[in-house]
Each structure stands twice: as structure tokens, then as C-alpha cells.
Amino acid sequence: MNASGSFSGSFSGTDTYVATRELSLAVNAAITLQRPLLIKGEPGTGKTLLAEEVAAALGLPLYQWHVKSTTRAQQGLYEYDAVARLRDSQLGEARASDIGHYIVKGVLWQAFEAETPSVVLIDEIDKADIEFPNDLLRELDRMEFYVYETRELIRARQRPLVFITSNNEKELPDAFLRRCFFHYIRFPDRETMQRIVEVHYPGIKQALLREALEVFFELRELPGLKKKPSTSELLDWLKLLLAEDIPPEALRSSDQKLTIPPLHGALLKNEQDVHLFEKLVFMARRGR
Amino acid sequence: MLVDFFLHLRARGVKTSLQEFLVLLEALRLNVAGYSIDDFYLLARTTLIKDETQFDRFDLAFGEYFKGIEALPGMETGIPEEWLRQAAKRLLSDEERAALEKLGWDKLMETLQQRLAEQKERHAGGNKWIGTGGSSPFGHGGTHPEGVRIGGRSENRSAVKVWEKREFKNLDDSVELGTRNIQVALRRLRRFAREGAAEELDLDGTIDGTARNAGWLDLKLRPERHNAVKVLLFLDVGGSMDDHIATCATLFSACRNEFKHLEYYYFHNCVYEHVWRDNVRRRTERTPTVDVLHRYGRDYKLIFVGDATMSPYEIVHPGGSVEHDNAEPGAVWLSRLSDAFPHAVWLNPEPEAHWPYRESISLIRQLLGGRMFPLSVDGLTRGMRELSKA
Ligand SMILES: Nc1ncnc2c1ncn2[C@@H]1O[C@H](COP(=O)(O)OP(=O)(O)OP(=O)(O)O)[C@@H](O)[C@H]1O
Ligand SMILES: [Mg+2]
């Protein structure tokens, strides 16, 4: 059987995920041309979530491969548990004679085997060794690989849709890049952020949302922050505000001066950043 | 026409390949995107460019190429009078407007033009003037309606093309090292530090291999994780270099532990018979350059950081130094150093485009066999690649 893709429909975000027009376009290009989509962007901009949401939107199973510094490409295909086999054979177990018992299927094998097309997420590919992407070139291109131990060729029944995320810790090889589509998720602008918040907290009061976004984006502009608050921090903070039923007015001082917003610990998680912020607010209030 | 576009991108130094261009054609054939130029822009970007540091270059080249296309019939070409009135309201005081209205539209336009130009100066680095190329926003008869949207206050904001906003400018890796870029640069240096490491016993690999071998010992080795590279750093402390030195010092000391050895010395403009390690006591505690030549092995990687900007005299003549009477010319010392340490590069904070116009830069570059690289993330990468060559 040949690898053939048959994805129906296109992606334009979901009830729980806001996709900008440019992101949707990149996803749909990857769907149509059956090539992997590489996603980069600031932390917390929804890179990992994207694969999940696309899978859900298209009604396809999702296979996730979270990469660590020790992950090898081979592990995505299969692993041969030679040590277990050695142990079994020393104990005289009969099953040791069949090498197939010691082949453990990896994420790509599972996806290749699936009856329906599927979505594969290779998350944080830049964490792995620099050669990792090169070791997957053929597998992602041809969607097949060879199992030397059992002399089998494993070929995808349906070409999976592959998402790859990177946080830019390492450069990826050109040969690998040439095979992918690429999208860089920019930090959401105010309007997009508003939509993101609304999918998480439908029906949130506009006044609260407006003030909260005001504070949030102002905070992100603060020079010298070690870690700028991201989408997740904003969402966490809003959850607290909602739980505590904080009124929108509390986010802004009556005299138009800079204030410390309530529960700001949810936005600034680094102690140094909190100090810096409090100091700046103090100075600003004293100054004017 | 599209082949032309592809060639144009390449000519503008955008990194993209034929393979990717073919994918773009295929995507167009399959109607992945709509027919608007905005869709084409997005599709071309996601297909051709795989690195956000290239986005800005792509935006520029794209804008340049499709500038003519935008002016095709169907697009607005004149400034609507309504806009002029609004702009006048925004930019001129009531009295000025009243006075000018008496003078007629020509005069009004001239004044507006002046105001807009001033506004542009004040907003330097902020909003960009589109399609004016530094000339008047009102152009020659044709007029660019885009000129109007400057200040971002116009109602019709969507009309400013994405690529014209140059939003990815600060991601361009050819710009000089800034705080954000330092992070990236550091990673590249670290990677460099780990390359070519010695071998150590790979215990897991050995166990695995031995098991596969049905119990016969199968030794496996792997490259040691770190600390393989030894670096000899020469920093120029000439006045013009001050800012850059801070940057460089941060950069290299931040990854100090990654190198097996990192030694640094200072010089002024060009290297002569003495260098020093402590800039405050540079007069009293100097190290003869000859000692440096003998102290470190040939496996040290030699990195100069300097703007190489001086009078050529300081390089080629005995006694040319601005500070003292040197017996031998700087060029001799530079050659001795690069002979002693075959792996050498010169990192230059001056923009690469200026190099050909400075005789001293050309001279030093020549002395280093062309191995001069700009002090940008991209330049560092190239420099480190050069140093890693066997
Ligand atoms: N476009 C979006 N629509 C809805 N929710 C979003 C969106 N972007 C981010 N979020 C929220 O932010 C959280 C973080 O997203 P995610 O973990 O996918 O980010 P990431 O880019 O993978 O971050 P990292 O670089 O840290 O891995 C999500 O769980 C979700 O709640
Ligand atoms: Mg993630």
C-alpha cells in the first residue's frame, strides 16, 4: 500500500484555540502538500497546543513525541530492548529466541501503522542532539523505515500530518528545513489576545478584560524583565481575578498613576522581576 | 514572472532554495491560499523562509519586487481629498488651516508635506513611511496613498502591507549584537566550545552493545561533552571600541566555563610587542607578545576583536603606533600570531559593508587571509565555523 494522505477539511482555529490567518494558512499548506510544519515562537504562544487542536478539529488521532536532550531519532521509530533479551536468554526463557518480542514501537511507527491519517507532534526538537533532525530526514520524507532486527520495511499506510516545534536552542540543519513549511508565531497583539482570553473564559466582562490587558501589555513593556509574562500567565492571572471576583476598577488607580495590580504574583513569577516592578511603581508614584 | 521573483529574492541575499520554490509553485497550483497579494506573501514566506531572522530581509525584497504591482489599476493611486482634510485637521492648528486655506491646496499640500516629514523624524524607528524611499510622501503626481498612513492613526490601517511594517527587523541576525542577540550568540559559542571534543567511555552504549553481542564485551566511545576548545582572545581597547568591548567581554566570560581554557589580552588598534591583561595597569603590567607566542600551543583558537580602523601607517610602519615607538610594524606581529595559531579569526564590530572603504580594514583582513567576520550573530556563526575547520 502506498502512502496517501486524505485529510478533509481545513483548519481555521477551534472553539478553544485562536489561530491567526497566517497560522491557518501555514497549517493548511502543510495539510494540502503533506509536508511537516515547523513552528517556532516565544514561550507560551501555543506551539505545542496547535497539534492537539488541529487533530481535534480534523478528528484525527494524535501521536506525541516530547523530545529531551537524550532523545535519539531511533526512539521515534522503535527500540530494541537488547538487555531484556539478554536477561531472558540467561534465564533460559523461550521467548528470547524471537527478537520481535524485544522490539518496542516508537511514536512514528504507531502513526505509520494507524488505519486513519493521524497527526504527529515532535515537540521541542531543538532539545535533542544536533544530528537528531538529520537522522529523521528519510523517515519524514518517504514515511518509511527499515527494522534491521526483523528485516521488515515499515511504511505509512496514511501519511501523517507532522508538527514540529522548536524554541531555537539549536539551529536545525538546512536539509531538514527545506522539507518543512515554517511558521513563526508572533506574540499575540491585543486583539488576538482578547480572542484567546475569550475562548478560555467565555462571557468574561469586557471591562475587566480591557483593564487586565492594559496592565498585561504594559507590564510586558517594562524594561529589564527577566521573564516577560506570556499567555499562560495572563490566563492564570485572570482565573485568579475571576475567582476572587476582583472588580475592573481595582486594576487601575483612581489617580491615573501606576499601581501594583492585585495578585500580580501570577504575572511575574521571578522574584527579581517582582522587586524591579515594585521599585519602579514606587519611584513613579513618588516622582509625580 | 515567479521565477523572476525567486531570482530577485536570491539576489537580495534571502536564503531559499529551488526545492522550496518548487513547493511554492505546487502550493499555488493546489490553491492553498487565495489570490490576493497578502495571501501570496504569507504562502511564499511559509514555503521559502525557514528562519525568522530572514523574515526582515524577505519583507524588504518582497516589498521591492511587488512595489510596481501595487500601483496597477484597481489600487488607489491618488490621495483622496477627504484624507487631506483629515490630515490637515490633525497636523495643523485652526489658525494655520484658516490661513492656508486662503492660499489654496498647493500651498496646503506643501506645508503638510513638511509636517509629515517632521513627524517622520520624530518617529524615527517607529512607524515607517511606505513607498516613499525618503522622497516626498506626495511623490511626483503619482502620489503614494500609503504615505498618508504614517503615524498609524489613519482609520484605514489594514492597508499598510504586512511586509512593509518590517516587524521582524529585530530578529535579523545580521544586526549588531544587542541584548537579545547575545543569548543567541552565546548558544552558538557554546556549541563551538563543545565541538571536536575528546572521546570518553560511553557506559550505556557499551552495556547495550555487549548485550547485543550476546555478552561479549563491545566497548563504545563517544565525544566528551564539553571543554574541548581553547581560546586566546585579543581585544582592542581603542576608544571607538569601548561599547563593543563590554559586549564581547560579557559574551566570552558568560561562556567561560564552557571552554577548556579562555585567555584574553588587550591591545590598542594593532598588536605590537606588548599586550596586557589588566586595562588599568596597562603601563606597568605588560606581557611581551613573544611570551604569548610561546606560552600557548598551536591548538589554541585565536580570536581578535577590533574595529581595525586606524591609519594604515599604524600597521605597516615601524614607529607607526599612536602610543609608543614600536621597533617592528604591527603587520609583523599579526603575521607572527597567525602563524603561531593557524586557527584564527578577526571579529569586527564595524558593519561589513563599510569594510572595503577602509584601507586599514582591508590590510588586516589580508594579513588574516580574509578571515574577518562582522560582530553579529551571523558573523559569529561564520567565524566559529571557520575556527572549527580541521
Ligand atoms: N492561540 C491560542 N489559543 C488559545 N489558547 C492559547 C493560545 N496560545 C496560547 N494559549 C494558552 O497558552 C498555553 C500555553 O501554550 P503552549 O504550551 O502550547 O505554548 P508553547 O508555545 O508550546 O510554549 P513553550 O515554548 O513554553 O513550550 C496553552 O495551554 C493555552 O492555554
Ligand atoms: Mg511547548
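First the proteins, then the strands, lettered A, B, ... as listed; each starts at 1. These figures come from a predicted structure and were not determined experimentally.
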message: Is Q19(B) close to chain A through its backbone or its side chain, or both, or neither, when contacts mean heavy atoms under 4.5 Å?
response: side chain

Atom pair CG/CG of D273(A) and L268(A) - distance to nearest 0.5 Å: 5.5 Å

Approximate separation, where rounding is to 0.5 Å, of I39(A) CD1 and I122(A) CD1: 13.0 Å

message: What part of R35(A) gets within 4.5 angstrom of chain B, counting heavy atoms only: side chain, backbone, both, or neither?
response: side chain

statement: Okay, D81(A) and chain B: the region with an atom under 4.5 Å from a heavy atom over there is neither

query: Between D39(B) and chain A, which part of the residue has a heavy atom less than 4.5 Å away: side chain, backbone, both or neither?
result: both

message: In this structure, is the centre-to-centre distance between the rings of Y65(B) and F58(B) below 6.0 Å?
response: no

query: Say you draw a straight line from OH of Y146(A) to OH of Y78(A); how long is it, rounded to the nearest 0.5 Å?
result: 9.5 Å

query: Is it the case that R95(A) places NZ or CZ above or below the six-membered ring of Y102(A), under 6.0 angstrom from the centre and within 45 degrees of the axis?
result: yes

- request: With a 4.5 Å cut-off on heavy-atom pairs, point out which of I207(B), T46(B), T47(B) contacts chain A the most.
  value: T46(B)

- prompt: Quick one: what part of I49(B) sits under 4.5 Å from any heavy atom of chain A, side chain, backbone, both or neither?
  reply: backbone

